[in-house]
Amino acid sequence: MIHYHGLPITPATAAVSAIQGGHAFVSFAHADQLGIAIEVCQSFAIDNGAFSAWKSGNPITDWSPFYDWALDLKKVPSCDFGVIPDVIDGNEEDNDALLADCPLPKWFGAPVWHMHESIDRLVRLANEYPRVCVGSSGQYATVGDNLWWGRMNECLIEICDEKNRPICKLHGLRMLNPAVFGKLPLASADSTNIGRNVGIDKHWNGNYTPPTKEARAMVMRQRIESVNAPSTWQPQPVQEFLL
């Protein structure tokens, strides 16, 4: 599984520690450290920035600047894929319309399936695209709670083959937590965990506290990347997740 660490991470020297020789996730909304990713990563992926824009109260309506950016970056050898724009609080028709208008080739552009959407849509996307991003949303917005795990179990049962392998590559948005991806047959996952925690001093204490933010980034990266995703899904009765 590929572990994509979300940028930006400050200071820039800590970003290098977190992604050098590894993998980064660069958002169109916060692309200041794109040059670092291109220079030091094995590979990186790009996000459309829809979530950041939606959280700020200014959802994006004109995606042409993102597409210009993405079409240029797909020529970079180390750029793996780009997340196709999505409507965070939209319906399936809204998101299917964005897919229809997307100029990114299917080998590069990855659609988002929101977990509150129908599983039928997920099955359709998995049969049409080589990679599908899974986003936690609606009543399933909290990654890792019982309701979320129940829904994940339902969807994986539907898109895994007879050997319990997903029929396409799955990318877990905001799922780079070993307790989560360590149980899911994901091809990749991302999070901004290092970026959010490397500078919070109260999270780092004790006799063996890493002395610098660069060292903190290296410790967090090692702990995250020491866990891999399983190659198959082990289905569980849905009700076991809903206790």
Side-chain angles (χ1 to χ4, degrees), residues 1-56 60 63 65-67 69-86 88 104 107-114 129-137 143 169-178 180-182 184 186-199 216-218 220-229:
M1 191 197 93
I2 297 178
H3 307 73
Y4 289 104
H5 300 290
L7 297 178
I9 298 171
T10 55
T13 49
V16 172
S17 295
I19 64 174
Q20 187 165 33
H23 310 275
F25 206 61
V26 182
S27 172
F28 180 61
H30 305 285
D32 295 350
Q33 294 182 338
L34 173 63
I36 296 175
I38 293 174
E39 182 178 354
V40 308
C41 283
Q42 285 189 46
S43 72
F44 66 97
I46 56 175
D47 183 40
N48 57 54
F51 184 77
S52 296
W54 177 77
K55 288 281 286 185
S56 72
I60 299 171
W63 287 105
F66 166 75
Y67 284 132
W69 185 71
L71 287 167
D72 184 60
L73 287 174
K74 80 176 179 65
K75 301 172 187 175
V76 177
S78 57
C79 189
D80 290 336
F81 69 93
V83 181
I84 296 174
D86 57 317
I88 303 298
L104 303 178
W107 65 263
F108 182 75
V112 178
W113 176 71
H114 305 88
Y129 290 83
R131 184 189 309 267
V132 174
C133 301
V134 178
S136 305
S137 59
V143 177
K169 293 185 182 300
L170 297 176
H171 175 84
L173 295 167
R174 299 190 298 118
M175 296 184 196
L176 199 59
N177 178 342
V180 173
F181 72 77
L184 299 172
L186 299 175
S188 56
D190 73 86
S191 82
T192 57
N193 193 16
I194 294 180
R196 286 184 288 106
N197 290 286
V198 74
R216 293 176 184 180
M218 293 178 67
M220 292 188 69
R221 174 181 174 178
Q222 191 279 329
R223 289 178 178 174
I224 292 169
E225 294 185 6
S226 67
V227 178
N228 198 17

Yes or no on side chain to side chain contact (heavy atoms under 4.5 Å, CB included) for S136 and R174, after CA distance, side-chain angles and deciding distance? CA-CA 8 Å; S136 305; R174 299 190 298 118; 3.8 Å; yes
Between M218 and V198, is the side chain to side chain contact (heavy atoms under 4.5 Å, CB included) condition met? List the steps. CA-CA 10 Å; M218 293 178 67; V198 74; over 6 Å; no
Evaluate the side chain to side chain contact (heavy atoms under 4.5 Å, CB included) criterion for residues H23 and C41: first the C-alpha distance (whole Å), next the side-chain angles of each, then the deciding distance (0.1 Å), finally the verdict. CA-CA 5 Å; H23 310 275; C41 283; 5.8 Å; no
Apply side chain to side chain contact (heavy atoms under 4.5 Å, CB included) to V134 and M175, showing your working. CA-CA 9 Å; V134 178; M175 296 184 196; 3.8 Å; yes
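W69 and L34 make their closest contact through NE1-CD2, 3.9 Å (heavy atoms, listed as atom of the first residue, atom of the second, distance). What you find for D86 and W63 is that their closest heavy atoms are O-CZ2, 4.3 Å.
Between the side chain of Q33 and the backbone N or O of I9, at least one donor-acceptor pair lies under 3.5 Å. Side-chain N or O atoms of Q42 include one that pairs as donor or acceptor with a backbone N or O of G21 at under 3.5 Å. With hydrogens and angles disregarded, no donor-acceptor distance shorter than 3.5 Å links the side chain of D80 to the backbone of A45.
Annotation: ring pair (Phe, Tyr, Trp, His ring centres under 6.0 Å) contacts of H5 (sequence neighbours excluded): none.
Proximity of the aromatic rings of F28 and F66 is defined here by a centroid distance below 6.0 angstrom, and this criterion is met. Taking the six-membered ring for Trp and the full ring otherwise, F181 and H171 have centroids separated by 6.0 Å or more.
Atoms CG and CE, from L184 and M1 in turn, are 9.5 Å apart once rounded to the nearest 0.5 Å. Atom-to-atom distance recorded for S188:OG and R131:CZ is 5.0 Å, nearest 0.5 angstrom.
Between F25 and Y4, the ring planes lie tilted relative to each other; the angle falls in the 30° to 60° range.
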